[in-house]
2 protein chains.
Amino acid sequence: MKEKISNSVIRRLPRYYRFLDELKEQGINRISSGELSRKMGLTASQIRQDFNCFGEFGQQGYGYNVDILQKEIINILGLEKMHTAIIVGVGNIGRGVAQHINFNNFGFSITGLFDIKESLVGQMVYNMPIRNISSLDEFCRENHPEAAVICLPVDAAKVITAQLINLGVKAFWNFSHYDIAVDHPDILVENVHLNDSLMTLSYKLKNN
Amino acid sequence: MKEKISNSVIRRLPRYYRFLDELKEQGINRISSGELSRKMGLTASQIRQDFNCFGEFGQQGYGYNVDILQKEIINILGLEKMHTAIIVGVGNIGRGVAQHINFNNFGFSITGLFDIKESLVGQMVYNMPIRNISSLDEFCRENHPEAAVICLPVDAAKVITAQLINLGVKAFWNFSHYDIAVDHPDILVENVHLNDSLMTLSYKLKNN
């Protein structure tokens with residue numbers, strides 16, 4: 001595997017993973033870059049270039065072995081190693097994420113859920129009781145979660161993120177509108193800014 | 001307003017909108033590009049360039065009027081005009097989105113919710129009963145929704161999206177793993193691929 005993979009290739013890897021998964025479900029074991037490109041709306045040469053970034057998979061004229069290729073992508077994305085993660089904020093969106101996302105498939109094991117609302121504390125989500133956010137410090141000192149899913153209002157997100165970074169959390173899946181990277185430029189963050197996405201759709205509709 | 005705004009500027013507009021909203025909540029009426037840049041982690045010249053794309057707001061030495069600037073961004077994003085939208089798929093993530101997102105603030109008015117599950121049909125979400133997906137055709141012919149929020153498994157998403165395009169739906173907020181743009185390149189789409197985002201976080205943790 002070559003040293004440095006570009007950001008745009010990394011962004012495409014999950015899409016490849018998904019498409020290969022669909023092929024496997026359909027019982028397809030081998031696919032040419034041409035077929036894959038038609039299915040994915042990319043050029044065949046783009047796909048060949050992407051895959052060349054991390055080694056030799058295809059044989060000219062034989063196409064790619066779906067299973068081997070997917071295993072390599074799993075390896076590059078680090079999905080086979082489990083990282084522990086907590087979910088902070090189990091309101092509508094936090095609960096939706098907790099129940100909808102199959103974290104284990106994507107390299108994460110949820111070890112705790114937290115909320116500030118007394119009415120939520122003790123409720124079972126993801127086969128775990130929601131804990132009071134006041135126990136966050138103690139929990140993190142004992143269990144050392146590596147990542148946190150932040151589903152909080154912006155003010156709470158700012159406070160809790162700083163607290164979690166102090167407690168050793170290294171990566172954030174951020175659903176809040178707090179821009180973690182502004183205050184913590186060295187922390188790993190993936191943002192899911194739903195409102196921004198919706199505003200962009202509004203822009204597209206207006207300027208269609 | 002100049003003719004063509006670049007994609008990267010458009011992507012930043014929702015962030016500006018959010019930051020200006022926070023400033024208003026804090027009672028701040030005027031801000032310099034320098035202050036705004038510190039708060040947002042962008043360079044001041046970047047911000048000036050972005051704002052110059054759509055007209056003259058700042059006066060040298062006086063900074064920007066927060067209210068006027070936000071109103072202009074609202075105008076550019078088209079948030080003041082309401083587009084009708086339906087939500088298709090009201091499982092965990094669809095319900096979370098329906099309950100969590102303030103659609104009216106972002107240019108959308110939800111006029112219908114649909115699911116295939118009999119156990120969900122009739123339940124109230126967003127002050128509306130969930131309708132049976134079998135009534136989708138009739139509903140669209142009567143109400144002409146402009147946009148659809150797709151929260152369905154990939155196979156269902158493919159079928160329903162094609163059906164909705166035939167019924168005149170022009171824009172999709174896509175939470176499914178179905179890549180709408182591959183089959184329908186001319187349709188307006190904003191994708192929220194949550195699994196892809198989580199896989200990218202896994203990659204960052206592995207390659208930190």
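Values in this document were obtained by computation on a predicted structure and should not be read as measured data. Convention: sequence-line order gives letters A, B, ...; per-chain numbering from 1.
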Can [X] and [Y] be counted as an ion pair, charged N to O under 4.0 angstrom?
X        : Y        : result
B:Asp196 : A:Arg15  : no
A:Lys204 : B:Glu146 : no
A:Arg18  : B:Asp179 : yes

Under 4.5 Å from a heavy atom of chain B, the part of [X] involved:
X        : value
A:Asn75  : both
A:Val189 : backbone
A:Glu25  : neither

Do you know which of A:Asp183, A:Leu205, A:Asn208 has the most heavy-atom pairs under 4.5 Å to chain B?
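Option with the top pair count is A:Leu205.
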
Looking at A:Gly107, A:Gly78, A:Ser202, which has the largest count of heavy-atom pairs under 4.5 Å with chain B?
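When all of A:Gly107, A:Gly78, A:Ser202 are compared, A:Ser202 has the most.
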
Could you tell me whether A:Leu167 atom CG has more than 12 heavy atoms of other residues or ligands within 6.0 Å of it?
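Yes - once you tally the heavy atoms of other residues, nucleotides and ligands closer than 6.0 Å, there are more than 12.
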
To the nearest 0.5 Å, what is the distance between [atom1] ([X]) and [atom2] ([Y])?
X        : Y        : atom1 : atom2 : result
B:Leu69  : B:Glu72  : CG    : CD    : 8.0 Å
A:Leu194 : B:Glu190 : CG    : CD    : 11.0 Å
B:Asp50  : B:Arg48  : CG    : CZ    : 11.5 Å
B:Ser197 : A:Asn174 : OG    : CG    : 9.5 Å

After noting the C-alpha distance and the side-chain angles of A:Val192 and B:Val192, does the key distance pass the side chain to side chain contact (heavy atoms under 4.5 Å, CB included) rule?
CA-CA 8 Å; A:Val192 183; B:Val192 184; 4.0 Å; yes

Set out, in order, the CA-CA distance, both residues' side-chain angles and the distance that settles side chain to side chain contact (heavy atoms under 4.5 Å, CB included) for A:Ile133 and A:Ile160, then state yes or no.
CA-CA 9 Å; A:Ile133 206 158; A:Ile160 297 290; 3.7 Å; yes

Can you check whether anything in residues 83-92 of chain A gets within less than 4.5 Å of chain B, heavy-atom wise, and list it by number?
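The stretch touches chain B at A:His83, A:Asn92.
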
Top contributor to chain A interface from B:Ile93, B:Leu13, B:Leu42 [non-hydrogen pairs under 4.5 Å]
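Of B:Ile93, B:Leu13, B:Leu42, B:Ile93 has the most heavy-atom pairs under 4.5 Å with chain A.
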
Counting a contact as any heavy-atom pair under 4.5 Å apart, which residues of residues 95-105 of chain B contact chain A?
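If one takes a 4.5 Å heavy-atom cut-off, the residues of residues 95-105 of chain B near chain A are B:Gly96, B:Val97, B:Gln99, B:His100, B:Ile101, B:Phe103.
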
Matching residue for B:Phe175 among B:Phe172, B:Trp173, B:Tyr178 - test: ring pair (Phe, Tyr, Trp, His ring centres under 6.0 Å)
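With B:Phe175 as partner, B:Phe172, B:Trp173, B:Tyr178 yield a single ring pair (Phe, Tyr, Trp, His ring centres under 6.0 Å), made by B:Trp173.
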
Would you confirm whether B:Asp115, through its side chain, and B:Lys117, through its main-chain N or O, come within 3.5 Å as a donor-acceptor pair?
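Side chain of B:Asp115 to backbone of B:Lys117: a pair is present.
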
